[in-house]
Amino acid sequence: MKKYSAFSLLKNALSYHENWQKVWRSPTPKKEYDVIVVGGGGHGLATAYYLAKVHGITNIAVIEKGYLGGGNTARNTTIIRSNYLWDEAAQLYDLSLKLWEGLSQELNYNVMFSQRGVLNLGHNLQDMRDIERRVNANRLNGIDGEVVSPQRIKEIAPLINISRDSRYPILGASWQPRGGTARHDAVAWGYARGADALGVDLIQQTEVTGIRRKDGAVVGVETSNGFIGARKVACVTAGNSGVVAAMAGLRLPVESRPLQALVSEPVKPCLDTVVMSNAVHGYISQSDKGDLVIGAGVDSYNGYGQRGSFHVVEHTIQAICELFPAFSRVRMNRQWGGVVDTCPDACPIISKTSVQGLYFNCGWGTGGFKATPGSGYVFADTVANDRPHPLAAAFNLDRFNSGALIDEHGAAGVAH
Amino acid sequence: MSRNRLESHTGATLDFTFNGKAYQGIVGDTLASALLANGVDVVGRSFKYARPRGIFGHGAEEPNAIIQLGAGAATIPNLKATQVELYQGLEASSVNGWPSVDFDVMGIIGAFGRLMPPGFYYKTFMYPKKLWMTYEHFIRKAAGLGATPVEADPDSYDKLNQHCDVLVVGAGPAGLVAAREAARTGARVIIADEQSEFGGSLLASKQTIDGRIATDWIASLVAELAAYKNVQLLPRSTVFGYYDHNFLTILERRTDHLALSAPSGTRQRIHRVRAAQVVLATGAFERPLVFAHNDIPGVMLASSVSTYVNRYGVAPGNKLVVFTTNDNAYQTALDWHQTGRQVVAVVDSRTNPSGEIVDAVKALGIEVLVGHGLIEARGKKRVKAALVAPINESGTQVVGAVRYLDSDLIACSGGWSPAIHLSSHTGAKPVWDPNIVGFRPGASKQQERSAGACRGTFDLAGCLAEGASAGAEAAKLSGRGDGGLQFPGFSVEEYSEQPQQALFLVPHTQSTSRAPSQFVDFQLDVSASGIELAVREGFESVEHVKRYTALGFGTDQGKLGNINGMAILANALDQSIAETGTTIFRPSYTPTTFGAIAGRDVNHLFDPERYTAMHRWHQQQGAEFEDVGQWKRPWYFPQSGESLQKAVNREGLAVRNSVGILDASTLGKIDIQGPDAAEFITRMYTNSYLKLAPGKCRYGVMLKEDGMIFDDGVCACLADNHYLMFTTTGGAAGVLAWLELWQQTEWPELQVYFTSVTDHWTTATVTGPNARKVIAKVCNDIELSNEAFGFMDWRDGTVAGVKARIFRISFTGELSYEVNVPAHYGRHIWEALIAAGEEFNITPYGTETMHVLRAEKGFIIVGQDTDGSMTPADMNMDWVVGKNKAFSFIGKRSLQRSDTVRENRKQLVGLKTLKGSDVLPEGAQVVFDAKQKIPMSMQGHVTSSYYSASLGHSIALAVVKGGHSRLGQVVYCPLADGRSIAAEIVSSVFYDPKGERQHV
Ligand SMILES: Cc1cc2nc3c(=O)[nH]c(=O)nc-3n(C[C@H](O)[C@H](O)[C@H](O)COP(=O)(O)OP(=O)(O)OC[C@H]3O[C@@H](n4cnc5c(N)ncnc54)[C@H](O)[C@@H]3O)c2cc1C
């Protein structure tokens, strides 16, 4: 892999950019792999990357039915934070945050991880109790965060409305300075380029249609381009996880629903941080291009269509206009939806299954982008060693039988 | 007279300013036509390279002329000058360019454009690591278009829900005749068009229809439509989204053509339309040609040049070169010739164009260069010359000598792209058609059909015919008419057209990577070489290339650039366009004001405020309020200058020592009736209600399937098969939905009905040792003795002359009567009780005191002491779980799961700080060892914490791992300020541990 740098850019500019190396190969699939990763989203690509990089397993294919990073990875609003309430979740997301902090250098690909901080607003006394509890927990877990006053919020985000007269006045917020955003496409592409360089075959436009098993163990996958053998199959298919699990006769406690997002037209810098509100229900940040990036809650029905209903968009924008009355005259440029895989406790599944050699990493729902590096890291370890990584152990499938749920609902603010 | 205004075109003048300079336009102008009339060339700077840019199009497709309108609170960023109607006093400015658009220092960056190929930012700014935030700061500063206002929006916005039989989108020839056909059947028709006037492409046309010139024909058709009662005409109305179940959204701009801010009424409104049938007649966009420096001001779409000439009377230049791949653009040469200005040449990429219109142009003596390409424009802030050269038949190579044509205006046309946006919103997959060199709408996924240019039919006669049958068909399918046409034919004079050439990238003498930039997407500075570079780097999917180069991500959403970009990509991949695929268009068709989408539901209408019947009284007493769900509840009643703590101390002591009164009206109330009511309720709560007799109440807890507490409250048996269920204030709606869910989906065989009666009743809780004496003064038809009316009983009676239900339930641990009367008697009862209690100094108290009093008793608040991970056993409330119930209850099975029966679960306990004056902060974490290093092992947290005036020390409730077996142990709460507060684990019941006071 040829390294990217300002120097390489200059050098290539002199030759009219005619000599850049390909970011990745377009290989024809081999007959068999040690590990097949199903799903070429950020999590799948990160899994393949760490399998190769950390565990030295390079005979790997990532099989993607569309194009790399085209699922929720390409559709999300890229909020990154690790201020989760429960120890298990906080540790996993903070591992991820630490990996984000060095990811551009690790991948030699600028993922534009921008630590511009995340505010989670409180609008009533119970919100504030929850915020205190979460920030205290974060602090004792070694995760940065503080509870800030409306005045401080106004300093951080000057256009926000902190009037006591608003319908649900802002009473305070949690503030995690290490949180922020990143460039979603770059994350997928950076991991893909890194994995490819380590020998991973990235196979696009190929859909997995079946999981072949023999004597209770996985032997490979049926695809739209024929059978491909594998000793281990690691499924990282987000909103389609229920469908893929059914191919192996498994049922997952996952519901797939539309989650929508939208962007405004690009405007000059006016919001330097990420602002999220649970009670008023919306969140917003501004991208480097200048778009206001906005989202809110899931549509309330299950489905696989990557589209939602207009009234959800209306509620979302009402919330944003409530928080930022000055944005009322800005205009919505584009609106879209993804299919998110939600678990009853709003926490992911990173787990072995009852089929030997078959692993699942899903259930990240509305908030898995931030977990991309950590998720790939612990899942690779789980797959390589056929036992849960210590930080993944709590996220096994068995918790839905034992009842050891990690309930991040509510306590975590809007779950993104 | 402005220098580019044609003398034939007159009208009342309008003054306006652009970038601070005063100009004049005339009524009917857009800002773009007025600027062109005044000879303003540079209107903006490009996003990435800060290149000077001029007006390119004349409508929604405009990529360059992005402006900021007005200043102050009502300023609007990012409008397209081509869509801004001129009004007197309009002020506009460019969104980029410093110190000015004419001289932009950032333009220097343009000179280093080669260092900024697509995706350069992914490859740089990584080292040193800590500088990224600094780099990013400057990247952000350079990005963005206009600026947001910094004050609240002075305007208001409306919404309108509408149903119709036929919605016609677009009022060009196809849409107008479609609307007329539908209207004649009696169908309810809405016809909407983004422009200020109906007529679409005909507004700029010199053609005749049925012997009348186009504009006259339109006028009479519009007049006819306006006369129908069943037709609604919506000009200035953009259909911006097409959603499932034929739901479409329309943004109507009501006052933007009059002033920056609405002179009166609402500025814009959204029509939320559910249409039985839809006719899409949205027209087509002309495609630019991709040649070197095609972005210099003075390069325009051929149809735009014609539109400015014919519709606005503006000739935006002097010496025109037309560059085309088709017959259509020859019209522009004819139109220009009519202005008396010079047509330098028509450059046609085809080798042997020979149609009628070609002859017509030649007949005027205009030079036609066939088999030629316009390979490069020259000039800095305005075109000065066009470089033309012979090209090969397939349009891939320059094959002859380059010639300079002296010119200041280049009109280009690469054919037309149907506006398939709305069809694409429905999920229909566009189909590439090489015959029209464009995508046609895909097979319908909704009740819609396309007609006219948006379907790839470009001749006027064809548009009219398709429009008519689409209108008739839509009406028929909506149940009106028989599908037959009222106006079967139109007589139209038009030139017959010969085939166009598919030319997506005009060759240059140099290779694409070395030629001057050939722009594909102007707004985002995406060039042909950028697309080829993306392919060279291994991006093969159209989505990857779009994302890598940013193609189509501008505010014009690639209306001009997408097809060329895709074709260039296909060529680089050596694929057909059909194989390369298409991209999906998403709402909004053109950008939509946030305020309009929000509508009225902002500020105090953001969410309804709910008040109890006594709200005014509370206000008059100077109460401070707390938001609980949608309700405004009195939080505390400060007396002159009292702090929260002082007020709460006073209120609490009053209850404990004499009597207090609480407005408890907000608690959720659900009336439950039916022969299976008791059975149903018993399945919902953990305990049984089968034997609850009329006149009795019982406290219950509801669990979710996972066994975790979800709500709690008292349920009273009013009569046989009739119950009243109380819920928490915040949980009311959720509980009702929960009951309905189980009844409707799981147990439809149970006959039981639910009615929310929360707002029907007002509840005044009279509580304290003197409560009975107070009630006795206003109620004499209920025997109030403890023997006759005991704890957890309820009675019907009359209170202060009003029929009332009184419940003897207690959330304070004191003798309590909850007086319920129909809501409109609320204030009367409240005042009567206050008067009756005067001699006992009856004290109104708010939610804060309520919280303290119940915490003294160890009563939980669901949602505060529980968080969705707590079982009844965790709350030390095993007694509420009926283990022997015949039928299971929701959550029962989960209570047996290994994790639920595990020891060491977090359990509710009391905490007493070692120093009684220390009040633990709510939300503090509990640890056993305060000296350990971070990360600490957290054992629980404080859920409720107060200073108790009755007890004279602080009290707290907490959940602590294994707490029930740790009574007496000391734990610590490490605080953010570094202190650590020590507390002893005690029983969660601090006051009256035997619970005697409520039974007296
Ligand atoms: C609108 C929206 C906003 C969001 N905002 C945030 C946010 O702000 N912060 C945050 O942290 N998270 C956010 N999320 C969630 C986040 O996007 C996801 O949790 C995360 O991207 C999941 O990554 P992934 O790689 O697992 O999934 P994906 O990127 O969806 O990848 C799964 C891949 O599997 C492929 N696949 C599926 N089935 C098959 C098959 N049978 N064969 C082959 N391939 C298959 C799919 O094509 C897809 O590419 C948001 C999500 C949405 C939709």
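Keep in mind the model is a prediction, meaning the values are calculated, not measured. Quick note on labels: first sequence line is chain A, next is B, and so on, each numbered from 1.
- Only the side chain of B:Asp706 comes within less than 4.5 Å of a heavy atom of chain A; its backbone N, CA, C and O stay farther away.
- A salt bridge (charged side-chain N to carboxylate O under 4.0 Å, His left out) check over residues 534-545 of chain B, counting only residues at least two apart or in different chains, returns the pairs B:Lys123-B:Glu537, B:Glu543-B:Arg547.
- Of the charged side-chain nitrogens involved, at least one lies within less than 4.0 Å of a carboxylate oxygen, so that A:Arg167 and B:Asp627 count as a salt-bridged pair.
- Contact annotation for A:Asp87: only side-chain heavy atoms (C-beta onward) come within less than 4.5 Å of a heavy atom of chain B.
- B:Gln510 does not touch chain A: none of its heavy atoms, backbone or side chain, sits under 4.5 Å away.
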Intermediate values then yes/no, side chain to side chain donor-acceptor pair (under 3.5 Å), A:Asn108 and B:Tyr127: CA-CA 10 Å; A:Asn108 177 236; B:Tyr127 314 96; 2.9 Å; yes
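- Only the side chain of B:Phe240 comes within contact range of chain A, judged by heavy atoms closer than 4.5 Å.
- In this structure, A:Phe113 has its ring center no closer than 6.0 Å to that of B:Trp132.
- For chain A, no part of B:Pro128 is nearby; none of its heavy atoms comes within less than 4.5 Å.
- Counting heavy-atom pairs closer than 4.5 Å to chain A, the top residue among B:Ala147, B:Gly146, B:Pro591 is B:Pro591.
- Taking A:Gln306 as the reference, A:Arg75, A:Val339 meet the side chain to side chain contact (heavy atoms under 4.5 Å, CB included) condition, with sequence neighbours excluded.
- A centroid separation of less than 6.0 Å is found between the aromatic rings of A:Tyr109 and B:Tyr122.
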Working for side chain to side chain donor-acceptor pair (under 3.5 Å), residues A:Ser328 and B:Asp153: CA-CA 6 Å; A:Ser328 171; B:Asp153 191 340; 2.6 Å; yes
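- With a 4.5 Å cut-off on non-hydrogen atoms, B:Met133 touches chain A through its side chain but not through its backbone.
- Of the atoms belonging to B:His941, it is side-chain heavy atoms, and not backbone ones, that fall under 4.5 Å from chain A.
- Interface residue B:Ser541: only side-chain heavy atoms are found under 4.5 Å from chain A.
- Using a 4.0 Å cut-off between charged side-chain N and carboxylate O, B:Arg272 and A:Glu314 make a salt bridge.
- Within the 4.5 angstrom heavy-atom criterion, no atom of B:Ser944 approaches chain A.
- Using a cutoff of 4.0 Å between basic side-chain nitrogens and carboxylate oxygens, B:Lys129 and A:Glu101 are not scored as salt-bridged.
- Contacts of A:Leu159 with chain B are made by side-chain atoms alone, with heavy-atom separations under 4.5 Å and no backbone atom involved.
- Both the backbone and the side chain of A:Arg116 come within less than 4.5 Å of a heavy atom of chain B.
- Interface remark: of the candidates B:Asp244, B:Ile139, B:Ile66, B:Asp244 forms the most heavy-atom pairs closer than 4.5 Å to chain A.
- For B:Phe585, no part sits under 4.5 Å from any heavy atom of chain A, backbone or side chain.
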